[in-house]
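In this chain, numbering begins with 1 at the start of the sequence shown.
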Amino acid sequence: MNAYAPILVLGALGAGFAIFSVVAATFIGPKRYNRAKLEAYECGIEPTPQPAGGGRFPIKYYLTAMLFIVFDIEIVFLYPWAVTFDALGLFGLVEMLLFVLTVFVAYAYVWRRGGLEWD
């Protein structure tokens, strides 16, 4: 239990600071609301009205999300490999090169098909 005490103390301090900040902001912060502050903010662009059912999203949103997941998973596999690089030796290097090559082929395919173009 003594080994985890610093982690628990740090977690408690972080949670305490977060809770204190939210509670203090509600009491200390200004309360001047107007119509502009209550509207949705869309990256500086005027919000467009949405239909009652929510509307349809272009397929590019989903393709971008899937590409992000693929490359995010690649990074998740690269970290443990980098940590144990010396222990794995040449076998680990060849396997990671094959993995990166496979991901690069997928990236080149998506790039060639225009999946990275935002029209």
Cluster overlap Tyr109 with Val105, hydrophobic side-chain contacts below 4.5 Å
no
Transitively linked via ILVMFWY side-chain contacts under 4.5 Å: Ile69 with Val110?
yes
Given the rule that I, L, V, M, F, W and Y join up when any side-chain heavy atoms are under 4.5 Å apart, are Leu101 and Trp81 in one cluster?
no
Do Leu13 and Leu8 land in one hydrophobic cluster if side-chain heavy atoms of ILVMFWY residues count as linked below 4.5 Å?
no
Name the orientation class of the two ring planes belonging to Tyr107 and Phe104 (parallel below 30°, tilted from 30 to 60°, perpendicular beyond 60°).
tilted
Write down the atom of Met96, the atom of Phe77, and the distance for their closest heavy-atom approach.
CE-O, 3.8 Å
In terms of hydrophobic clustering (I, L, V, M, F, W, Y; side-chain heavy atoms under 4.5 Å; direct or indirect links), are Leu78 and Leu97 co-clustered?
yes
Pick one: which of Ile75, Leu67, Ile73 meets side chain to side chain contact (heavy atoms under 4.5 Å, CB included) with Phe71?
Leu67
